[in-house]
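The next block holds one structure in the form of structure tokens; read it before the comments.
These numbers come from a predicted model, not from an experiment.
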Amino acid sequence: MANVSVAAEWQLLYNRYYRKPELYPLRWKNIDLSRNKVACAPFGGPIAVIRDDSKIVQLYSESALRKLRIFTSSGVLISDTVWKNPGGRLIGMSWTEDQTLICIVQDGTVYRYNIHAELIEPNVTLGKECFEQNVVECIFWGNGVVCLTEGGLLFCIPDFKVMRPCQLAETGAEDLPNCMAVIEPKYTVSGNVEVLVGVGDGILIVDEDGVQRVDGEAVQGPVQKMVVSWDGKYLAIFTHDGRILVTDINFKGVLLEYNCESALPPEQLAWCGLDSVLLYWDDTPLLMVGPRGDPVHYFYDEPLLLIPECDGVRILSNTSLEFLQRVPDSTVSIFKIGSTSPAALLYDALDHFDRRSAKADENLRLIQSSLPEAVEACIDAAGHEFDVSRQRTLLRAASYGQAFCSNFQRDRIQEMCKTLRVLNAVRDPEIGIPLSINQYKLLTPSVLIARLINAHRHLLALRISEYVGMNQEVVIMHWACSKITASLAIPDATLLEILLDKLKLCRGISYAAVAAHADKNGRRKLAAMLVEHEPRSSKQVPLLLSIGEEDTALMKATESGDSDLVYLVLFHIWQKRPPLEFFGMIQARPLPRDLFISYARRDMLSERLKRSYKGQDMVHHLDVFALVLVAIELLVVIHLIMEVAFLLWKESWELGKNPMASKGSPLHGPRIKLIDKAQHLFAETKEHTFESKAAEEHAKLL
């Protein structure tokens with residue numbers, strides 16, 4: 001009976017079954033798809049809704065101000081904001097792969113929003129021509145868009161991460177195209193985006209370099225609607241005479257042809273996986289056409305939005321979200337009415353076993369040779385189910401069969417259980433991400449966790465990353481930064497305790513990165529307290545410098561024993577503080593003081609003295625005194641002052657060797673002044689009393 005009830009929900013299209021389970025009854029209220037522009041992200045992503053300003057609609061109890069609202073796939077409101085953007089009417093709206101909402105207005109301005117309805121700066125414009133001619137249509141794909149202007153020009157943003165608009169070749173057509181479709185760059189030979197443009201009685205392929213006209217039996221008369229399949233290999237075409245055609249992307253042959261009852265182009269044309277095409281007109285049943293056989297009709301009394309996925313189509317209405325997909329082969333083999341496949345007999349054997357019937361053993365004997373395949377089919381069918389009780393029953397059947405199967409991979413059931421636990425967690429209506437198992441594998445767990453983080457579902461993201469054995473640092477880091485941003489009223493000390501309680505869960509986490517975020521949000525004291533817990537000096541010291549904690553940075557760099565870090569701090573302080581203050585900081589610290597003296601003696605003073613002594617004009621020796629004064633200003637360190645004093649004294653002796661430095665000569669006075677200056681420098685410290693006295697007597701003797 002269970003098999004009958006399951007298969008009764010299926011629809012047969014030629015030799016393939018399709019099912020349409022309801023994913024969620026939508027929780028939103030007073031949302032009418034016919035009155036709004038709606039953008040739905042693939043892979044069970046969020047839904048953006050804004051009132052359509054191209055339509056005259058009656059306002060009920062709502063504000064006249066237009067609001068951009070973002071919901072989960074279950075209709076739970078995530079965020080909203082008032083739409084105040086200039087630029088004219090909203091022409092197109094779509095989600096990127098990283099769940100950024102792209103909104104393009106009439107003058108070609110591109111506005112970007114995150115999932116929390118926060119505007120991302122800066123805005124981008126498509127160029128002067130778009131501003132002058134106005135955008136009339138936008139065709140989006142995964143991470144790019146093609147825009148058509150009133151003048152028939154095509155502009156493209158190939159990648160929203162780079163946001164560099166470019167103009168495609170001009171079609172030369174007098175009228176605007178009937179329809180357009182995009183072949184993504186990853187599916188083209190050139191690696192550039194190609195646009196299929198339906199003009200006149202044919203189709204043009206347009207890219208940056210030129211225009212090519214399509215010749216083929218599929219193109220016979222005006223084309224009203226086109227859509228490229230998910231894998232970029234096929235093209236569905238709705239012609240002027242009401243035919244739906246499917247051809248390969250090179251137009252080499254017609255794979256499907258069906259005459260529709262209406263010659264009016266459908267409002268929506270979408271692929272359902274790779275096996276069928278959906279056509280939707282207002283006030284008529286949803287039509288599904290396959291390669292052969294009669295089409296299938298689905299009846300609705302409310303407006304619909306078709307959201308193509310890699311393995312089916314999500315159908316969004318005012319009240320519910322459904323998923324139309326081809327029934328997997330493993331599910332068909334088990335639940336098809338009258339099925340005698342090994343998987344169906346295994347599933348039936350479990351039912352007999354639960355009822356304590358001897359027929360369970362009889363079924364197992366019948367399929368003994370095919371038991372591994374039956375177990376695998378039950379596991380695979382469980383993965384494709386959205387109903388949790390049915391998942392459990394199928395996995396019990398697989399486990400039951402595995403007990404009598406010696407050569408089956410034992411961890412296969414465990415892996416599927418792990419996957420289903422993750423999928424069931426994110427499918428919960430409060431989370432609202434209705435991923436199928438194929439979508440989950442294509443999306444990957446890391447991307448799913450990133451999406452949960454961006455939606456501020458940190459606890460679930462943390463549990464999933466821990467469960468699947470992934471690094472939890474990214475989750476905890478994002479939580480900590482979000483907590484700092486959202487906790488402006490919490491005192492620094494209290495917030496520090498909250499943060500440390502969670503940050504210590506992950507070993508090796510970067511406290512410096514969290515501290516940098518705190519400093520960016522104007523909480524310098526909290527940043528200083530956080531960075532104290534950073535064990536890696538290489539990350540700790542630069543951040544301490546950036547938040548103005550030079551003394552602590554110098555201490556930490558000295559404790560690390562890393563000369564490069566010490567030099568980094570020294571040069572930073574040297575540029576920020578006066579020389580005397582700099583001297584006071586390093587005087588009592590032997591390592592920084594000695595490193596700075598070594599650097600200064602080697603790279604600064606010695607080079608300047610060499611350049612001075614190599615001068616050909618003897619008058620250059622008079623510059624030594626000025627040079628020393630500069631050196632004193634630059635190197636206000638006790639040991640270095642003494643070295644300067646010795647250099648002055650040495651310079652006086654060099655002058656003494658010159659016959660012109662004798663008494664009464666022009667150089668005699670400068671020589672005495674150099675010795676006096678050296679004596680004053682020696683007198684600065686008690687350790688050089690003898691040198692000070694000797695220099696004083698030397699000057700008197702001269």
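No donor-acceptor pair closer than 3.5 Å links the side chain of K20 to the backbone N or O of I315. The closest donor-acceptor contact from the side chain of Y187 to the backbone of W230 lies under 3.5 Å. No side-chain donor-acceptor contact under 3.5 Å links T239 to the backbone of V223. The backbone N or O of G151 sits less than 3.5 Å from a side-chain atom of Q133, completing a donor-acceptor pair.
E97 meets the side-chain contact (heavy atoms from CB on, under 4.5 Å) test with N143; sequence neighbours excluded. Scored by the side-chain contact (heavy atoms from CB on, under 4.5 Å) test, E174 finds no partners at all (sequence neighbours excluded). With sequence neighbours excluded, no residue forms a salt bridge (charged side-chain N to carboxylate O under 4.0 Å, His left out) with D282. For R19, the salt bridge (charged side-chain N to carboxylate O under 4.0 Å, His left out) partners two or more places apart in sequence, or in a different chain, are E385. Residues satisfying the ring-ring contact (aromatic ring centres under 6.0 Å, His included) criterion with W141, sequence neighbours excluded, are absent altogether.
A side-chain donor-acceptor contact under 3.5 Å links Q439 and D311. A donor and an acceptor atom, one from each side chain of R69 and S79, are nowhere located under 3.5 Å apart.
Look at D275 and R16 and you find a salt bridge, because one of the NZ, NE, NH1 or NH2 atoms lies within 4.0 Å of a carboxylate O, short of that distance. The pair D159-K161 does not meet the salt-bridge criterion, since no charged nitrogen lies less than 4.0 angstrom from a carboxylate oxygen.
Applying the ring pair (Phe, Tyr, Trp, His ring centres under 6.0 Å) rule to pairs touching residues 5-39 yields W10-Y17, W28-F71, sequence neighbours excluded.
Cation-pi geometry between R112 and F160 is not met: the NZ or CZ atom fails to fall both under 6.0 Å from the ring centre and inside 45° of the normal.
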